[in-house]
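Below is one structure, written out as structure tokens; the observations come after it.
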Amino acid sequence: MYDMKALYEAASVENAIALRLAHPEAQIVAGGTDVFVQMREGKRAGKELISIHELKELSGICIDEEENIRIGSLTTFSHITKNPIIQEKINVLGEAVDMVGGPQIRNAGTIGGNTCNGVTSADSASTLFAWDAVIELTGKNGKRYLPIKEFYIKAGTVDLRVEDGEIQTAILIPKASYENTAGFYIKYAMRNAMDIATTGCSVNCRLSPDKKTFERVRIAYGVAGPVPMRAPSAEAAANGKPVTAETVDAFAKAVLEDIHPRDSWRASKAFRQHIAVELARRCLIESVKRCGGEL
């Protein structure tokens with residue numbers, strides 16, 4: 001059923017790095033919800049695997065010394081959704097990953113696997129982009145930190161240096177990104193469950209103390225280009241502007257200046273552009289409400 005050449009089980013992060021250096025062609029596997037399915041289909045037949053599933057030090061969520069939200073790469077989707085830090089500080093991320101697959105997948109799948117796949121439809125990705133996430137990579141030379149937009153290189157490819165034995169060890173959400181901020185995510189798909197996104201949109205905003213002005217707005221999409229992406233023209237259309245329906249409308253229409261959806265059997269380019277505008281509008285309105293504002 002599973003045609004693999006060898007399976008190596010890492011006993012520590014250091015051991016995982018050593019195994020990666022010794023077996024540069026091997027595939028890292030954590031929850032295995034994607035890799036094992038692909039192996040069963042024959043797409044990764046004969047591959048070597050390095051399992052990091054037992055590295056408990058890579059699981060869990062905390063506030064670190066710099067007040068970043070630190071999410072271990074082996075933290076499962078279910079644990080993210082239920083975690084009190086996530087629920088208090090960045091609830092939209094918990095909501096977004098709660099849309100991944102079904103309960104079995106969410107109980108096994110990890111946020112590190114979701115991002116390291118490098119696919120634009122990953123439900124966590126657009127929210128992580130919108131909240132300026134930073135990726136922590138650990139290799140033979142120590143730790144390296146990359147803004148998530150630099151981590152994604154092209155469709156299906158991320159910046160993991162095999163020659164350095166790197167593995168992704170954590171995802172950080174800076175305090176400057178989550179403080180006094182609220183957001184909303186909408187996944188548009190052909191089905192309500194067990195489906196990948198046709199388009200995913202994540203928005204967050206920070207309002208002035210009187211709730212009348214957008215101090216900062218962030219928006220990111222999945223499946224609007226080959227990798228998840230921000231929409232800077234839309235952000236500029238709202239930042240510093242009054243919290244009004246007119247601003248929301250200008251913000252939503254401006255996303256068309258930045259996104260690059262494609263035609264596929266799931267949806268046409270024109271349809272994806274249409275729903276991208278509507279999702280932006282709805283997500284910003286809900287974000288404002290979560291910040292205590294009114295529209």
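Just so it is clear, the values below take in all heavy atoms, side chains as well, and ignore hydrogens, waters and symmetry mates.
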Practice problem: Tell me, with the steps shown, if Lys241 and Glu246 meet side-chain contact (heavy atoms from CB on, under 4.5 Å). | Solution: CA-CA 10 Å; Lys241 304 297 194 301; Glu246 290 75 18; over 6 Å; no
Practice problem: For side-chain contact (heavy atoms from CB on, under 4.5 Å), just list the numbers for Phe214 and Val243, CA-CA rounded to whole Å, side-chain angles, deciding distance to a tenth of an Å, and then say yes or no. | Solution: CA-CA 6 Å; Phe214 287 111; Val243 179; 4.0 Å; yes
Exercise. Output, in order, the C-alpha distance, side-chain angles, deciding distance and verdict of side-chain contact (heavy atoms from CB on, under 4.5 Å) for Thr198 and Val223.
Key: CA-CA 7 Å; Thr198 301; Val223 208; over 6 Å; no
Exercise. Applying salt bridge (charged side-chain N to carboxylate O under 4.0 Å, His left out), run through Glu286 and Arg282 and close with a yes or a no.
Key: CA-CA 6 Å; Glu286 291 301 319; Arg282 295 186 186 189; over 6 Å; no
Quiz prompt | Candidate pair Thr115 and Gln168, rule side-chain contact (heavy atoms from CB on, under 4.5 Å), full reasoning | solution = CA-CA 9 Å; Thr115 51; Gln168 188 198 110; 3.0 Å; yes
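In this structure, Asp123 and Val97 have side chains that are not in contact, with every pair of non-hydrogen atoms separated by 4.5 Å or more. Residues Ile86 and Ile71 meet the side-chain proximity criterion, which asks for heavy atoms closer than 4.5 Å. Between Arg218 and Trp131 there is no side-chain heavy-atom pair separated by less than 4.5 Å. Contact annotation: the side chain of Leu74 never approaches that of His53 to less than 4.5 Å [non-hydrogen atoms, C-beta and beyond]. For the pair Asn107/Thr76, no side-chain contact is recorded, criterion being any heavy-atom separation below 4.5 Å from C-beta on. Under the 4.5 Å side-chain criterion, counting only non-hydrogen atoms from C-beta, Tyr145 is in contact with Leu172. Between Val288 and Glu294, every side-chain heavy-atom pair lies at or beyond the 4.5 Å cut-off. Counting heavy atoms from C-beta on, the side chains of Glu54 and Lys56 come closer than 4.5 Å.
Not one N or O on the side chain of Arg262 forms a donor-acceptor pair closer than 3.5 Å with the backbone of Lys269. In terms of modelled atom types and a separation under 3.5 Å, the side chain of Thr127 and the main chain of Ser124 share no donor-acceptor contact. Listed for the Arg272 side chain is no donor-acceptor partner under 3.5 Å among the backbone atoms of Thr199. Panel note: side chain Asp258, backbone Ser233; a donor-acceptor pair is recorded below 3.5 Å. Proximity of a side-chain donor or acceptor of Lys187 to a complementary backbone N or O of Met99 within less than 3.5 Å is detected. Formation of a donor-acceptor pair under 3.5 Å by the Ser73 side chain with backbone atoms of Gly112 is not found in this model. With hydrogens and angles disregarded, a donor-acceptor distance shorter than 3.5 Å links the side chain of Arg106 to the backbone of Val100. The backbone N or O of Pro228 lies less than 3.5 Å from no partner atom in the side chain of Lys149, so there is not a single donor-acceptor pair. Proximity of a side-chain donor or acceptor of Tyr185 to a complementary backbone N or O of Leu93 within less than 3.5 Å is not detected.
The CZ atom of Arg290 sits 9.5 Å away from the SG atom of Cys283 when rounded to the nearest 0.5 Å. Here the OG1 atom belonging to Thr157 is positioned 11.0 Å from the CG atom belonging to Asn117, to the nearest 0.5 angstrom. Note: Ile148 CD1 to Ile171 CD1 = 6.0 Å, rounded to the nearest 0.5 Å. Put simply, OG1 on Thr213 and NZ on Lys211 are 11.5 Å apart, with the number rounded to the nearest 0.5 Å. A distance of 5.5 Å separates CD1 of Ile167 from CG of Leu58, quoted to the nearest 0.5 Å. Expressed to the nearest 0.5 Å, how far CD1 of Ile219 lies from CZ of Phe184 amounts to 13.0 Å.
Asp263 and Ser268 share no donor-acceptor pair across their side chains, judged by distance under 3.5 Å alone. The closest side-chain donor-acceptor pair between Tyr178 and Asn68, if any, does not fall under 3.5 angstrom. Neither side chain, Asn204 nor Thr181, offers a donor N or O lying under 3.5 Å from an acceptor on the other. Judged purely by distance below 3.5 Å, without hydrogens or angles, the side chains of Ser202 and Ser126 never pair a donor atom with an acceptor atom. Between the side chains of Asn83 and Gln87, no donor-acceptor pair of N or O atoms lies under 3.5 Å. With 3.5 Å as the limit, one finds no donor-acceptor pair spanning the side chains of Thr81 and Ser78.
Shortest non-hydrogen contact noted between Cys291 and Leu207 is CB-CD1, 3.7 Å. Nearest heavy-atom pair across Ala16 and Ile52 is CB-CG2, 4.0 Å. Nearest heavy atom pair, residue Glu9 against residue Asn15, reads O-OD1, 3.9 Å. Of all the heavy atoms in Thr247 and Ala237, the pair that sits closest is CG2-O, 4.0 Å. Looking at every heavy atom in both residues, Val158 comes nearest to Cys116 through CG2-O, 3.6 Å. Heavy-atom minimum distance, Ser12 versus Leu55: N-CD2, 3.4 Å.
Taking the charged nitrogens against the carboxylate oxygens, Arg230 and Glu235 do have a contact shorter than 4.0 Å, which makes a salt bridge. In this structure, Arg144 pairs ionically with Glu166, as a charged nitrogen and a carboxylate oxygen lie closer than 4.0 Å. Taking a cutoff of 4.0 Å between a charged side-chain nitrogen and a carboxylate oxygen, Glu136 and Arg70 qualify as a salt bridge.
Counted within 6.0 Å of NZ on Lys140, heavy atoms from surrounding residues, nucleotides or ligands total more than 12; the atom is thus considered enclosed. Within a 6.0 Å radius of NZ in Lys143, more than 12 heavy atoms belonging to other residues, nucleotides or ligands are found. Other residues, nucleotides and ligands place more than 12 heavy atoms under 6.0 Å from the CD atom of Glu57. Remark: His274 NE2 is loosely packed, at most 12 non-hydrogen atoms of other residues, nucleotides or ligands lying under 6.0 Å away.
The aromatic ring centres of Tyr152 and Phe129 sit less than 6.0 Å apart. Ring-centre distance between Tyr188 and Phe271: below the 6.0 Å cut-off.
Residues Val227 and Leu160 are members of one and the same hydrophobic cluster, defined by side-chain heavy-atom contacts under 4.5 angstrom among Ile, Leu, Val, Met, Phe, Trp and Tyr. Taken together through direct or relayed side-chain contacts under 4.5 Å among Ile, Leu, Val, Met, Phe, Trp and Tyr, Met229 and Leu146 form parts of separate hydrophobic clusters. Taken together through direct or relayed side-chain contacts under 4.5 Å among Ile, Leu, Val, Met, Phe, Trp and Tyr, Val203 and Val277 form part of one hydrophobic cluster. Connection of Ile285 to Ile186 is not established within any shared hydrophobic cluster, with ILVMFWY side chains joined at heavy-atom distances below 4.5 Å, either directly or through further cluster members. Clustering ILVMFWY residues whenever any of their side-chain heavy atoms sit less than 4.5 angstrom apart, transitively, puts Val13 in the very cluster that holds Ile28.
Residue Ile90 forms a side chain to side chain contact (heavy atoms under 4.5 Å, CB included) with just one option from Ile85, Leu128, Ile173, and that option is Ile173.
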